[in-house]
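Let me begin by presenting the structure, written as structure tokens, before commenting on it.
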Amino acid sequence: MRKKSALLVAFCVISLFLFAQKPLLNLKYEQNYTPTYNEIIEMYELLDAKYENATLVEIGGTDIGKPLHTFIINSEPEFNPETIKAQGKSVLLINNGIHPGEPCGIDASLEFADNILCNADNLAEILQNTVLVIIPAYNIGGLLNRSAYNRSGQTTPYETGFRGNAGNLDLNRDFAKCDSENARSFNRLFTLWDPDVFLDTHTTNGSEHQYSVTLIAPSPDMFPPSQEKFIREKLLPNLYNTMKKGEYELIPYVSWMYSDPKKGIMMTQETSRYSSGYASLFNCYGMMTENHVYKDYTDRVKSCYQFIEVLAEFTSANSEEIIESRKNGIKESMAAETYPINFEVDTTQFEMLKFKGYEVDNNQISPVTGLPRFGYDKTRPYTEEIPFYDVYNATEEIKIPEYYILPQTWNRVIERLELNGIEFTRLAKDTTMEVEVYYIDDYSDASRLNNGHYFHEKVTTTSEVQKIKYYAGDLIIPVRQKKIKYLLEQLEPKARDSFFRWNFFDQVLDQREYFSSYGFEENALKYLNEHPEFRKQLEEKRKADPEFAKNHRAQLSYIYNNSEWAEKTYKRYPVARIY
């Protein structure tokens, strides 16, 4: 860090709040131009060089080999997260360019950083209670793959980056599973800063409507009671009402329930693969702006800028309450007896939302093909009250264990636990422990690749208590720690984006031992002779099932699978539980 005399530092801090300066950057979004990667970094370097209370920091690697940066803005030249947290300041983290074809947040964040540093419109007051941490461009590989033909659904800006990263991953499906170096760097960053509020900027090409910006909000039902109340009663009403006072009104992201939004839309609930869902694992208020692709680029940038300003002002004005609500939420999570791992939208509960849309027209004629197509008639705008379904009910809950036991062989999972600051100890010596284990009874695989994985769907399990030998170095993970939600969402196999679903434990689904009909014959006979009760059970099954009685292989299989010969580790989920 640069050092200056105490007098000069004091002058810089005072002048920050008293004297507005001129903006430094020359952005060209009104000419339908968004900056290249090199231009983005150069502009943040300019701000870094001019302002003592801002710094551009390399915080990790990416899959393209170039560093991931953060730009930190404080009221003083102090950039250590622990020191800042100790001062009682809240942290607002803003991520941009995860999908480089959706760059409005890149431009908006640059302009906001420029304006807050030069104290335009007294914006620097925000920094008295809040520190801003901006990721200038997250998907650098995609940003460098720049073309006028990358995003077919939009006409402006005239050049953008590519959706996939250098490894052709969609980075907004990678936050919890961390296949990319980008995500591993982000996990470290999130652990380092522990942000109170998080924003990820996007563009949507969903339904056609009259708004330039929509919001994927933190889903209240995914938070403990005190935070749910804060989201419903304070955070969301404030954001929507304040945005309405500006040039750009905000509505919830149009998450489809019907082809015509008039019939109703629902709140989007993001799981941990997505940035905002990942943020919720740490009781952080994570959200996404989704700017409307069919608006011109100037409107998209300006509406995104307006939201960033509103969010930053809200975070600063409510800094103490936000921090306290997170602390209370973590305490509630740690004290809970059960935890919901699956949800569904409640179609009996809704509020009426004023929605400014366009009439749906299923009989438009395509100017390209001359054939009928689905579309919207922009000559027929409407403003109507529509149902908005914003309540989710838990459909499945698990009893929270006191400990998870994880064998050391599962190093890819352990790496991710460490990235996220999970507390654990290791066994000092080999030990036999009585634990509860799951067996994976059934699952289905997605029919196509999902971000490089065949995601497990429709997972069903049963559990039983077993005595299992563990070895020095295996992990004992206390569940009731600050990051309890992360542990439960990632280590419970049926949770919606668990490590199991993303194939981290697939080896247990592959049977190692087996039997041959000829080779097993002698041992099968010996087992029946030594276990007359089991022999009787087999004979009763023969009587009850004539087809089974005629099938030599089926009977040997029955003996194999219902005796000690069965492979106990086959389909046994390796994360054990202790209550």
If every non-hydrogen atom of [X] is compared with every non-hydrogen atom of [Y], which pair is closest and at what distance?
{"X": "L25", "Y": "D114", "value": "N-OD2, 2.8 Å"}
{"X": "L46", "Y": "L24", "value": "O-CD2, 3.7 Å"}
{"X": "P136", "Y": "T70", "value": "CD-CA, 4.2 Å"}

Quick one: side chain to side chain donor-acceptor pair (under 3.5 Å) partners of T155, sequence neighbours excluded?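 Partners of T155 under the side chain to side chain donor-acceptor pair (under 3.5 Å) test: none.
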
Which residues pass the ring-ring contact (aromatic ring centres under 6.0 Å, His included) test with Y274, not counting sequence neighbours?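 So Y274 forms no ring-ring contact (aromatic ring centres under 6.0 Å, His included) with any residue.
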
Validation row: [X], [Y] side chains within 4.5 angstrom (heavy atoms):
{"X": "R163", "Y": "R151", "value": "yes"}
{"X": "P220", "Y": "M267", "value": "yes"}
{"X": "H99", "Y": "N172", "value": "yes"}
{"X": "I94", "Y": "L311", "value": "no"}
{"X": "E102", "Y": "R300", "value": "no"}
{"X": "N328", "Y": "Q227", "value": "no"}

Are the aromatic ring centres of [X] and [Y] under 6.0 angstrom apart?
{"X": "Y285", "Y": "F230", "value": "yes"}
{"X": "Y278", "Y": "F190", "value": "yes"}
{"X": "Y294", "Y": "H292", "value": "yes"}

Residues two or more places apart in sequence or in another chain: which of them pass salt bridge (charged side-chain N to carboxylate O under 4.0 Å, His left out) with E249?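 Applying salt bridge (charged side-chain N to carboxylate O under 4.0 Å, His left out) to E249 gives K356.
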
Is the number of heavy atoms from other residues, nucleotides or ligands within 6.0 Å of CD (E320) greater than 12?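 Open: at most 12 neighbouring heavy atoms sit under 6.0 Å from CD of E320.
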
Should we say atom NZ of K482 is surrounded by more than 12 heavy atoms from elsewhere, each under 6.0 Å from it?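 Atom NZ in K482 is not packed in, count stays at 12 or less.
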
